[in-house]
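Okay, so here's the structure we're looking at.
Source: prediction; values computed, not measured. For the numbers below, each heavy atom of this structure counts, side chains included, while hydrogens, waters and symmetry mates do not. For the single chain, residues carry numbers from 1 onward in sequence order.
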Amino acid sequence: MKEALRLALEQAGRPGEVPSFVLLTAPPGREEDLLLGIADVVGPHVPVTGGSSGDEAVAGNWWQAANRAWGGALIVVTA
C-alpha cells in the first residue's frame with residue numbers, strides 16, 4: 001500500500017509531497033490497514049475518499065485497474 005501511494009505521488013510529479021487528498025479503491029477486507037498505511041506516508045490529516053470494490057453478492061467477482069494492470073487484489077491509489 002505504501003509503495004502504491006509513493007508511486008502515485010511520483011507519477012503526479014510530486015514525489016515526497018503531501019497531497020490535498022487521496023482516492024482509494026481496493027478489494028474489501030483490509031480497509032483499516034490501508035487507511036493506516038496511507039496515514040503513515042502522508043500523515044493523519046490528509047482526507048481519503050473512495051471505497052471498496054464490490055459485486056452484486058460480495059462474492060469476490062470485483063476487480064480494479066490502473067497503470068495497465070488489473071485484478072481482484074489490486075489496490076488503486078490516486079493522489
To the nearest 0.5 Å, tell me how far Leu36 CG sits from Arg30 CZ. 11.5 Å
Looking only at heavy atoms, what is the nearest atom pair of Ala4 and Val77, with distance? CB-CG2, 3.9 Å
Are Val22 and Val18 in one and the same hydrophobic cluster, where Ile, Leu, Val, Met, Phe, Trp and Tyr link if side-chain heavy atoms are under 4.5 Å apart? yes
Beyond-backbone contact of Ile38 with Val46, side-chain heavy atoms, under 4.5 angstrom: no
Considering non-hydrogen atoms only, spot the tightest contact between Gln64 and Ser53 and give its length. OE1-OG, 2.6 Å
Within a strict 4.5 Å, meaning less than it, do heavy atoms of the Pro19 and Arg14 side chains meet? no
Testing the basics here: between Ala79 and Ala12, what is the closest heavy-atom pair and its distance to 0.1 Å? O-CB, 4.1 Å
Pairwise distance OG1(Thr78) to CG(Leu5) - rounded to 0.5 angstrom: 10.0 Å
Consider only side-chain heavy atoms of I, L, V, M, F, W and Y, link residues closer than 4.5 Å, and tell whether Val76 and Trp62 are in one cluster. no
Shortest non-hydrogen contact from Leu34 toward Ala26: CD1-CB, 3.5 Å
If you round to the nearest 0.5 Å, how far is OG1 of Thr25 from CG of Leu74? 9.5 Å
Got Leu24 and Ile75 here, is their nearest side-chain heavy-atom distance under 4.5 Å? yes
Taking side-chain contact (heavy atoms from CB on, under 4.5 Å) as the test, write out the residues that go with Ala65, two or more places apart. Trp63, Trp70
Closest approach of Ser20 to Pro47 (non-hydrogen atoms, all atoms of both residues): O-CD, 3.3 Å
